[in-house]
Amino acid sequence: MKFPSFLAAFSLLQLILLMQGLCAEKTDSGGLSVSYLTSGERHSEEYCAMYDICGQRSDGKVLNCPYGSPSVKPDELFSAQIQSCSDTVFFFFFFFFFFFLCSLYIYFMLYQPDELFSAKIQSLCPSISGNVCCTEDQFNTLRAQVQQAIPFLVGCPACLRNFLNLFCELSCSPNQSLFINVTSVSEINGNLTVDGIDFFVSDAFGEGLYDSCKEVKFGTMNTRAIEFIGAGATNFKEWFDFIGQKAPLGFPGSPYAIDFKSTVPDLSGMELMNVSTYSCGDTSLGCSCGDCPSSPQCSNSEPPSPSKKDHCSITIGPIKVRCIDFALAIAYIILVLGLFGWALFHRQRERILASDREPLLKSTDEDEANLSNMQYDENLALEGRGVTEQLKNGAQLSFIQGYMASFYRSYGKWVARNPTLVLCLSLAVVIVLCFGLIRIEVETRPEKLWVGHGSKAAEEKQFFDSHLAPFYRIEQLILATLPDKTHGKPSSIISDDNIQLLFEIQEKVDGIRANYSGSKVSLTDICLKPLGQDCATQSVLQYFKMDRENFDNYGGVTHAEYCFQHYTSSDTCLSAFEAPLDPSTALGGFSGINYSEASAFVVTYPVNNAIDEAGNGNGKAVAWEKAFIKLAKEELLPLVQSRNLSLSFSSESSIEEELKRESTADIITIAVSYLVMFAYISITLGDASRLSTFYISSKVLLGLSGVVLVMLSVLGSVGFFSAFGVKSTLIIMEVIPFLVLAVGVDNMCILVHAVKRQPLELPLEEQISNALVEVGPSITLASLSEILAFAVGGFTPMPACRVFSLFAAFAVLLDFLLQVTAFVSLIAFDCLRAEDNRIDCFPCIKIPSSAEESDEGMNSRGSGLLTRYMQEIHAPFLGLRGVKVVVVAVFVAFALASIALSTRIDSGLEQQIVLPRDSYLQGYFTNISEYLRIGPPLYFVVKDYNYSLESRDTNKLCSINRCDSNSLLNEISRASLVSESSYIAKPAASWLDDFLVWLSPEAFGCCRKFTNGSYCPPDDQPPCCSPDGGSCGLGGVCKDCTTCFRHSDLVNDRPSTEQFREKLPWFLNALPSADCAKGGHGAYTSSVDLSGYESGVIKASEFRTYHTPLNGQGDYVNALRAAREFSSRISDSLKMQIFPYSVFYIFFEQYLDIWTIALTNIAIALGAIFIVCLVFTSSLWISTIIVLVLVMIVVDLMGVMAILGIQLNAVSVVNLIMSIGIAVEFCVHIANAFLVSNGDRDQRMKKALSTIGASVFSGITLTKLVGVIVLFFSRSELFVVYYFQMYLALVLVGFLHGLVFLPVVLSLMGPPARNIA
């Protein structure tokens, strides 16, 4: 029973197969005959120019048949097959029963799928209805090809619709023959196939298509979609040329040539394809403002106009001057005219009064002489009795000065009697403080030096690192051609030899094996791997998959140049890590998009960054970086130079390592500077009246002891703060000794010279007591002013300035205490040594001498050369009225000019200045500015994004269809249009846009699911496609996969809260591929913080773009300022928390308010000095004059900075604050000497210069001058610019103001003398 049944079934199957064969034969023969018979009607309606598939190329691309045929409906196609079968069955009428079975089989097996086929055509090509000119296989090919482009365009429905219409008309239009003409054919396996066609398309359609798509963004790559699907075409003709190119074997593109034409031949009967296009601003298929800036709803959101710094200016004839310059010039002219008028008025007045005063001159002189003698005798008597609040030189002291004079008289006598005790006690205290040096630590991390704890940039960096991912470390090589000697321009580096050299370099880099804790570290152990196991190295070698064997296989340089233009659209140009490589990141020294003109290869190795609080999480990376730099120096650099090329290189740790080397590079220079100052101090402190007694009258040992005390004060300050855990900085090590030495040497000179001015007949204790009474108050006033001036700097938020100020204030305090204790004791010992005729430096050796030598040598204290100069030349010259007018006019002019110049000071600190002159980074930073064509990455970070359907946050952020016109991403896109002011180079890569597109039903190859609801990848990925590169098709495990959603499942094309929550991890784990380029893995893996996102709120997410190339410090500062202003405006507009982040922000934030920091610290320091002076002198008049001169010194110093091009930064701010401390030394002593003198203003000015001027000149000016000059020979540009140039300017400006301008001002408008009532 079973056998007959099986036999019957088998016979039936044979018959059905026979019938099918006959049907197929009949159809094919009929189609061929019709094609030839109707060849005269090829270009008419309802007629096809090419139909069905007749073969395929060796790379698998199918080729159409070049046979014309009438267009048919999908169901009519199979009805024709049924009719053919009916004719066949007629000849076999006696098999009627089998005919019925054949018809039934065909109906159920073939006709039912035709309805599905028709629905498929309508879903992809809604403009085509009725007849078609494509088979189902042709349509499936069309669908597979456009599927790769859909994810790029689906965010803008109008563009996508126009794009699909172009290919739908080309492939399936029933009127295909009207605008398609087959121009060439080829033979494949005996079949004729299409090899070239003319496609007649109207300009209106081309322009409409291009205009709707030209601004559509592809977020993943921060660029326009046209870069991927149109090779960056700038008009529709260029786009059509790209589409119509016949793709070489193995390359993506059309399998046959398509020649797009906009005019039809005469009498051809053909027409232009002119399907209606949709504008990107169409209300039914509207695009976002980012994809369609011309949209009507975006017309009110014009791109922000470039912000220009409005400098007020005045035009005078051909000259254009700034308002501030003009105002200062007018003020100066008025001041000078007033000054000259004042001088003439006083000259006339003196002539009138001269006759009245002349008869009284003789009697007045006699009275003054008698009064002076009486006062001198009274002062001697009072000094012996130690009376307080007494008169000095005929002037009454203030209460504070009188109290201090009384204190110093008693204290000086006690020190002179107990020098050993005072010396031991003072040294003991400082040595105890120095024990804190055991805990000394030096802070070298830039973020800890220049960024305060309350820094906005530091908080944002911490948020970014903890919620998203730390920015990767950068290792970089720049290989460049040398400039041509004839034309001075570098030649192109794109050549076979240079790429082969790059492969050789890469092999050496891959071969690095760094030692870390006994293990070997290679690049693959630490590199960034966004996709798979390949490093994301940015190099032109990626166009050859980083494989040297592929260089010749792919076509060498020709392939590289092809990839420069098609890096986004060609599979063979994808990198080894399966992502497009923008040539602008791997090439340098080109203009526009002329990549072939590039004169440099830029190779970047992104390395994973591990951040911990102590900064020790990158041990492996640092070890590899050191080996990388060693390889570059020892092997790569000679190799490249031998090819007549240049090489520069850098690693993430290079700057820190070079800064450490810089800190020790000038130890010898600094030591020589101190030795020169010490030698000068030793000479200037001593008496050189006779060469024969020089070895006794010299003060070398005293000077050395004084320098030791200065060093002890610095060490004591560092030890004190180190004991409390405060870290030191390199600035402290380099600047504070210089500062304290300047203050200390001045005090030493003043004290020694004051002792030398005392009468020799007085006992030693009286000499020291009188000297302290004379100069002690001014030393105290100056030191206290400096201490407070530095101490107030402790309130600045910048750690480097704050720590410097505290260390400096305490060091000056210790130095002052040691000066009035230990150094006074040492003066006493030195006087005893000289009196006992002992040799300087060898006090144990006593030299016998005659009484005459003793009287004429040791005990002779004639006025020194500087003192005589001050008394006989300097002071009288400044007393001349004409000189006073000129001095005031010149100094005021320079001050006003400096105010105008100071507005031109740039903020920043160039990297080249910080580094040693011989650093390998010098050339690297130069090449960075010259060759790089892309700026640092810029992230816009959004806090607390509420993705629930009820919230509008999604539309406030995204930039695709239905997003708000003023959304974050739309605003970023607009800002990139004015990159010269916004410093934003490109639209942002948006994980949100790509996620919404990935979810979209139109992107049918992206978000898919198996029947069990789990994630189904695209058809070209495992498991849908075998991992070994085997066949991919619809019959595999993914045949039943469906799109995640239909339109009816979404609400206004937006997912529900639950849908968003479920599918976001799918998206972030989805690998991008040709079938779906929107996969988020790699591009957005770290863009979203998924911790706690189930609640409906994403705590942190970022949108990535780039800054424009930043070539100088000003660009970095302006880029940060522009980004913050942009984020602040958007945050206020959207009512969301948004902030910008880039890796350099934390270092440049200080420059946003560096002027505020500098001026605040200067103002506070000057205010503290004013209060101290007011308290000590009880004179508002003299305190105001002192502060006025200090202001002029600082202003003039800033003017010199502008002239020399010195930037405003932490180092120069420290120098400006320090300049106030040193300038106090120039001014306070002169002002105090003037205040306590009697006589008229001219007489008191001359007495002040004669008394204290020489000490100030020798103690500060000459000492610092000889020390500063040595710094000129420093190996570090930082020392030359910020220490040699600024210190030299400070010494000269301070000297001129303290010993020239201040005396003149005091002689003109100083306070009256405090004479006896």
Side-chain angles (χ1 to χ4, degrees), residues 446 449-450 655 658-670 672-674 729-739 742 798 800-801 804 898 901-926 929 1111-1117 1147-1148 1150-1151 1154-1155 1157-1158 1162 1193-1220 1222 1264-1294:
L449 290 175
W450 315 121
I655 293 181
E658 287 297 283
L659 287 178
K660 290 179 181 178
R661 186 171 73 87
E662 188 270 341
S663 65
T664 59
D666 289 300
I667 291 179
I668 295 177
T669 305
I670 296 173
V672 171
S673 176
Y674 287 147
T729 66
L730 295 177
I731 290 182
I732 290 174
M733 306 300 182
E734 296 162 351
V735 179
I736 289 184
F738 215 77
L739 166 66
M798 191 182 299
C801 291
F804 166 81
S898 296
L901 289 171
S902 62
T903 61
R904 295 172 170 84
I905 297 177
D906 295 325
S907 58
L909 179 61
E910 297 292 346
Q911 294 97 326
Q912 292 93 327
I913 292 180
V914 179
L915 301 167
R917 290 178 176 178
D918 60 348
S919 172
Y920 62 87
L921 291 177
Q922 294 285 358
Y924 170 76
F925 285 121
T926 300
S929 300
N1111 297 322
Q1113 299 287 290
D1115 285 345
Y1116 283 96
V1117 177
F1147 305 112
F1148 285 85
Q1150 56 178 305
Y1151 302 121
I1154 191 69
W1155 276 102
I1157 293 174
I1162 291 172
I1193 291 175
V1194 174
V1195 168
D1196 290 351
L1197 190 58
M1198 295 176 72
V1200 174
M1201 288 174 58
I1203 294 173
L1204 298 178
I1206 299 176
Q1207 296 172 309
L1208 189 68
N1209 48 57
V1211 180
S1212 53
V1213 168
V1214 168
N1215 284 343
L1216 289 173
I1217 298 173
M1218 186 192 71
S1219 69
I1220 297 175
I1222 295 180
K1264 304 310 294 179
L1265 195 60
V1266 296
V1268 165
I1269 290 175
V1270 178
L1271 295 179
F1272 174 75
F1273 302 98
S1274 171
R1275 294 169 55 193
S1276 170
E1277 193 71 17
L1278 181 72
F1279 271 83
V1280 173
V1281 173
Y1282 288 95
Y1283 296 141
F1284 169 70
Q1285 293 182 359
M1286 286 198 71
Y1287 283 11
L1288 182 61
L1290 169 61
V1291 171
L1292 295 178
V1293 171

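Along the sequence shown, residues are numbered consecutively beginning with 1.
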Ring pair (Phe, Tyr, Trp, His ring centres under 6.0 Å) with [X]: which residues, sequence neighbours excluded?
X       : result
Phe1147 : none
Phe925  : none
Tyr1282 : none

Under 3.5 Å donor-acceptor, Gln922 side chain and Gln912 backbone: yes
message: Main chain of Gly1112, side chain of Glu910: is a donor-acceptor contact present, judged purely on distance under 3.5 Å?
response: no
- request: Might you point out which heavy atoms bring Gly908 and Gln1207 nearest each other, and give the distance in Å?
  value: O-CB, 3.1 Å
Taking side-chain contact (heavy atoms from CB on, under 4.5 Å) as the test, write out the residues that go with [X], two or more places apart.
X       : value
Val1213 : Cys801, Ile1154, Ala1158, Leu1208, Ile1217
Leu1204 : Val1200, Ile1206, Gln1285
Val1195 : Ser898, Ile899, Val1191

Can you tell me how far the [atom1] atom of [X] sits from the [atom2] atom of [Y], to the nearest 0.5 Å?
X       : Y       : atom1 : atom2 : result
Met1286 : Leu1216 : CE    : CG    : 4.5 Å
Ser919  : Tyr924  : OG    : OH    : 12.0 Å
Ile1162 : Ile1157 : CD1   : CD1   : 11.5 Å
Phe1148 : Leu909  : CZ    : CG    : 8.5 Å
Ser902  : Asp1196 : OG    : CG    : 10.0 Å

field: Partners passing side-chain hydrogen bond (donor to acceptor under 3.5 Å, both in side chains) against Gln911 (at least two apart in sequence or in another chain)
entry: Gln1113
side-chain hydrogen bond (donor to acceptor under 3.5 Å, both in side chains) involving Ser1219 - partner list, sequence neighbours excluded: none
message: Between Leu1290 and Asn1215, is there a side-chain heavy-atom distance shorter than 4.5 Å?
response: no
